[in-house]
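See structure below.
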Amino acid sequence: MYAEFALPDAARRVYSELCCPDVVAQTAMVGALAGSGEVNLARDLFDGMPQRDPIAWNAMIAGYSQVGRSKEALELFSLMQVEGVRVGEATIVSVLTACAHLGALAQGKWVHGYIQKNKIRITVTLGTALIDMYSKCGDMRRAMEVFWSMGEKNVYTWSSAMSGLAMNGAGKECLELFELMKQEHVQPNWVTFISVLRGCSVAGLVDKGREYFDSMRDEYGIEPWYEHYGCIIDLYGRAGRLDDAVNFINAMPIKPHVGAWGALLNACRIYKNIKLGEFATRKILELESKNDGAYVLLSNIYADSRNWKGVSSVRESMKAEGVSKEPGCSVIELGGKVHEFFVGDRSHPRYKEIELMLGEMSRRLRLAGYVARTNEVLFDIEEEEKEDALCWHSEKLAIAFGLIALGEGVTIRIVKNLRVCLDCHDATKFISKVFEREIVVRDRNRFHHFKDGACSCMDYW
DNA sequence: CTAGGGTTAG
């Protein structure tokens, strides 16, 4: 209850007046602390509890899960098993949420196996969590297997599957599912429509997207909100209809937010529109002066047109505002262990082999006709250095490691914290062909499935 | 009277 209202002080006050808090009160307090961001305090209280039942364990695991400290959530889960605590549905759901967040497919599969082995009934909630986990790990085949096997489905279940399909580039399938959902008389809500509109966007169905958008209010009585406006701007932007996107923003009945201008800015990057890109960036910075993503996108637009003056002015502004680019980080899961790579990272124990593989990649890609896209390197450096800088992007390191360490033909799965850069996207397409390897990259907000030299995003992301 | 505390879709 206190967690919901985010009143840690009030909760703490009430709690401190209890003469002898029992398991229930302590569990509630663990939840309240975790829910208000005080996860470490929650953990201290949890560790000091004289008895901990499964609900208490779950409160703590959910606490970690909700603030994105997913690794700790999984660690606590394994500790829970070591101590022989009975694992219930809620805990499994929290653990699946953590796996989804990390993109940890192997761990998620293990949990699914655990469910089957222990004959835990797949309820609507649990099934939905499984679908979400597989979707966010880029395994839509398994996500849909779970979906179709479920007897009872609610709006969360449908929305989750639709979101997964849209996120993984299967826009048409997403919309088919929506039609089926309507046939089954499940009422869509505002979250469902985010997936519907994203589905239209990735499928390039502009008019249909516009129809669905209008139907929200007309047929379902759902008022479109920021996210929906953002989707339509993305829809127009992806189709290259930048004027329509601008007109749409100008006609918004609510004040355009960072996401609205961000969608426009991204379209400007793809369609190389400097003037509009500068305008969108100004709008974003008016709302959020330290938005590093906007600076990086604008810099990319300048660099793409070899406008080095523009590039260095962006660098100056960033310095003046005290903004720095979030460092890129790519993660690859291998044998249940997560390997992290940062830009130019030489700290991996198998670094020597990785370096050799990077050399081989470079040679074989060049033979296949790959030319480094040096345009998007953030700052103006010499051409040769640039090519070198690109080689060290975190996803290339992770892919090189995957090629070395994973068995022949095993899909390489990468999770990245930022957007994929143009050069890495290009290079990965080549790698998928030259090395005959499927590569799945989850970036900040979507998936790229690379196969035979092509990507599921159709080169728009 | 013996509950109450934990979980899913953007």
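Treat the numbers as computed from the prediction; the structure is a model and nothing was measured. To find a chain, count down the sequence lines: A is the first, B the second, and so on, and within it residues start at 1.
Looking at A:I332, A:L418, A:V420 one by one, the single match for side chain to side chain contact (heavy atoms under 4.5 Å, CB included) with A:E395 turns out to be A:V420.
Between A:Y460 and A:Y271, the ring-plane angle classifies as tilted under the 30° and 60° cut-offs.
If you check distances only, the side chain of A:N189 does reach the base of B:dA9 with a donor-acceptor pair under 3.5 Å. A:D53 contributes a side-chain N or O that forms a donor-acceptor pair with the base of B:dG5 under 3.5 Å.
For the 3.5 Å distance criterion, the side chains of A:N266 and A:R269 qualify, holding a donor opposite an acceptor.
Distances from the side chain of A:S159 to the nucleotides B:dG5, B:dG6, B:dA9 place B:dA9 closest. Distance from the side chain of A:S94 is smallest for B:dT7 among the nucleotides B:dT7, B:dG10, B:dT8. Considering only side-chain atoms of A:D132, the nucleotide from B:dT7, B:dT8, B:dG5 that sits closest is B:dT8. Between B:dA9, B:dT7, B:dG4, one nucleotide has an atom nearer to the side chain of A:V191 than all others, and that is B:dA9. Distance from the side chain of A:R198 is smallest for B:dG10 among the nucleotides B:dG10, B:dG5, B:dT7. The A:A62 side chain lies nearest to B:dT7 when the options are B:dA9, B:dT7, B:dG4. Of the candidate nucleotides B:dG4, B:dA9, B:dG6, B:dG4 has the atom lying nearest to any side-chain atom of A:D22.
Within the structure, a side-chain polar atom (N or O) of A:K136 is placed less than 4.0 Å from OP1 or OP2 of B:dG10. Contact annotation: A:Q66 side-chain N/O to B:dG6 OP1/OP2 distance is not under 4.0 Å. For the OP1/OP2 pair of B:dG10 and a distance below 4.0 Å, the side-chain nitrogens and oxygens of A:S163 include at least one atom meeting the criterion.
One distance of note links CD1 of A:I122 with CD1 of A:I92; it measures 10.0 Å at 0.5 Å rounding.
Under a cutoff of 6.0 Å and an axis angle of 45°, A:K153 and A:F147 form a cation-pi pair.
If you measure from atom CD of A:E89 to atom P of B:dG6, you get 15 Å, rounded to the nearest angstrom. Atom CD in A:Q26 sits roughly 15 Å away from atom C1' in B:dG6 (whole-Å rounding).
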